[in-house]
Amino acid sequence: MMQPQNNMNQGQNMTMTGMQPTDTKHGGHELMDVHEVLSCTVSTLDQYLLFAQMAKDPELQAMINRQHQFLLDSYNLLAQCFKTGMNPSHHTTRYAMTQSNDVVYGLTASQPKKPKMNASEIGDQCITNYMLGLMKADAQALTKGALEVTNPVVRRVMADSVPNFVEMAYEIFQYQNKRGYYQVARLDQQDMETLINSYAPTNAPLQ
């Protein structure tokens, strides 16, 4: 990740302001948005601890632990640069999922979904549903927040984190799809081709 450097000499800046480097300043909207992102991430991390204890499938347990470790590092990086306004201890890294990209298409009849009446009914399918919902919420909060951030380092860390949350969500989806938890409907071939061919590239220059 290429992170922006401070525009002024930090020592000189300290002398001019007599306080903290100006890079530690945040806009009011930014403060609330980053607070929301960090709060969501803490909630996700806490819930992953519960999921790790509840999950039965070893593959799911491994995914929970792997994502938890990555989320923890992402949280620490954002918390560091939010506090200091400067580059965190290391660059953001890329999350590497272990699921394949193959998707099973088609719908198979199953029992209708309804709310559970007892906590003992909550199994691996429910856990992955919760995980996917958390990833979606976190990705949305990061994307929305990054658009409002004025501090260049915080903005870049948040923007670089979005693809990782997308990747973790996709890994959860792939796990669900292979087990029939998340079925993917398809249009018939003619309708699909009609939609695919609805748009064409253009080379028209701006006038």
Side-chain angles (χ1 to χ4, degrees), residues 1-3 33-34 36-82 87-108 110 113 122-147 149 153-187 192 196:
M1 178 192 79
M2 297 297 295
Q3 296 193 2
D33 282 341
V34 179
E36 179 71 15
V37 169
L38 290 172
S39 178
C40 286
T41 308
V42 168
S43 178
T44 298
L45 285 163
D46 290 347
Q47 290 179 74
Y48 263 56
L49 292 177
L50 297 176
F51 300 155
Q53 293 183 343
M54 298 171 62
K56 298 294 189 296
D57 180 16
E59 184 179 352
L60 177 56
Q61 291 174 338
M63 182 169 65
I64 292 170
N65 291 330
R66 185 170 60 254
Q67 291 194 359
H68 182 270
Q69 285 301 115
F70 193 91
L71 286 165
L72 191 59
D73 185 63
S74 298
Y75 167 81
N76 284 333
L77 289 181
L78 181 55
Q80 286 173 19
C81 66
F82 185 51
N87 290 341
S89 57
H90 64 82
H91 296 321
T92 54
T93 56
R94 180 180 177 183
Y95 182 79
M97 72 175 195
T98 61
Q99 298 286 323
S100 71
N101 291 313
D102 298 326
V103 175
V104 178
Y105 293 95
L107 302 179
T108 302
S110 60
K113 301 293 188 298
I122 297 176
D124 288 350
Q125 181 174 0
C126 292
I127 291 172
T128 55
N129 286 338
Y130 305 152
M131 291 169 63
L132 186 57
L134 289 169
M135 285 298 109
K136 289 179 178 180
D138 289 344
Q140 290 172 356
L142 273 168
T143 303
K144 177 178 178 293
L147 299 174
V149 172
V153 177
V154 176
R155 184 190 71 84
R156 176 49 57 197
V157 169
M158 290 179 66
D160 284 353
S161 296
V162 173
N164 289 321
F165 281 78
V166 173
E167 197 76 357
M168 285 186 282
Y170 190 67
E171 182 178 41
I172 297 166
F173 156 73
Q174 286 286 1
Y175 176 91
Q176 291 184 311
N177 178 250
K178 289 176 174 58
R179 287 157 180 78
Y181 300 161
Y182 194 132
Q183 298 188 45
V184 180
R186 298 190 75 172
L187 297 178
M192 186 162 51
I196 291 173

Not counting sequence neighbours, list each pair that qualifies as a salt bridge (charged side-chain N to carboxylate O under 4.0 Å, His left out) and has a residue in [range].
| range | result |
| --- | --- |
| residues 48-57 | D57-R179 |
| residues 60-69 | R66-E171 |
| residues 38-53 | none |

Checking side-chain contact (heavy atoms from CB on, under 4.5 Å) for the pair D124/Y181: CA distance, chi angles, key distance, verdict? CA-CA 10 Å; D124 288 350; Y181 300 161; 4.3 Å; yes
Derivation of the side-chain hydrogen bond (donor to acceptor under 3.5 Å, both in side chains) call for Q174 and K178: CA-CA 6 Å; Q174 286 286 1; K178 289 176 174 58; 2.9 Å; yes
Of all heavy-atom pairs between [X] and [Y], which one has the smallest distance, and what is that distance?
| X | Y | answer |
| --- | --- | --- |
| L187 | M192 | CB-N, 4.3 Å |
| P88 | V153 | CD-CG1, 4.1 Å |
| R155 | A146 | CG-O, 3.6 Å |
| G145 | V149 | O-CG2, 3.1 Å |
| C40 | D138 | CB-OD1, 3.3 Å |
| L77 | S89 | CD2-OG, 4.1 Å |

Evaluate the side-chain hydrogen bond (donor to acceptor under 3.5 Å, both in side chains) criterion for residues H90 and D73: first the C-alpha distance (whole Å), next the side-chain angles of each, then the deciding distance (0.1 Å), finally the verdict. CA-CA 10 Å; H90 64 82; D73 185 63; 2.9 Å; yes
Residue pair Q47, Y130: steps toward the side-chain hydrogen bond (donor to acceptor under 3.5 Å, both in side chains) verdict: CA-CA 9 Å; Q47 290 179 74; Y130 305 152; over 6 Å; no
Assess whether side-chain contact (heavy atoms from CB on, under 4.5 Å) is satisfied between I64 and I127, documenting all intermediate values. CA-CA 10 Å; I64 292 170; I127 291 172; 4.3 Å; yes
I172/M63 under side-chain contact (heavy atoms from CB on, under 4.5 Å): CA gap, chis, key distance, verdict: CA-CA 8 Å; I172 297 166; M63 182 169 65; 4.3 Å; yes
Would you confirm whether Q61, through its side chain, and A55, through its main-chain N or O, come within 3.5 Å as a donor-acceptor pair?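 Answer holds: yes.
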Apply ring pair (Phe, Tyr, Trp, His ring centres under 6.0 Å) to F70 and list each qualifying residue two or more places apart in sequence or on a separate chain.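 For F70, the residues satisfying ring pair (Phe, Tyr, Trp, His ring centres under 6.0 Å) (neighbours in sequence not counted) are Y95.
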side-chain contact (heavy atoms from CB on, under 4.5 Å) partners for F173, two or more places apart: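 Checked F173 against side-chain contact (heavy atoms from CB on, under 4.5 Å); matches are V103, Y170, N177, Y182, V184.
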Quick one: are Q176 and L132 in side-chain contact, heavy atoms under 4.5 Å?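 Contact flag for Q176/L132 side chains = yes.
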Within the structure provided, determine whether F165 and K136 are in side-chain contact (heavy-atom separation under 4.5 Å).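 With C-beta onward as the side chain, the pair stays apart.
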Excluding sequence neighbours, so at least two apart, what forms salt bridge (Lys or Arg N to Asp or Glu O under 4.0 Å) with D33?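 Counting only residues at least two positions away or on another chain, D33 forms a salt bridge (Lys or Arg N to Asp or Glu O under 4.0 Å) with K144.
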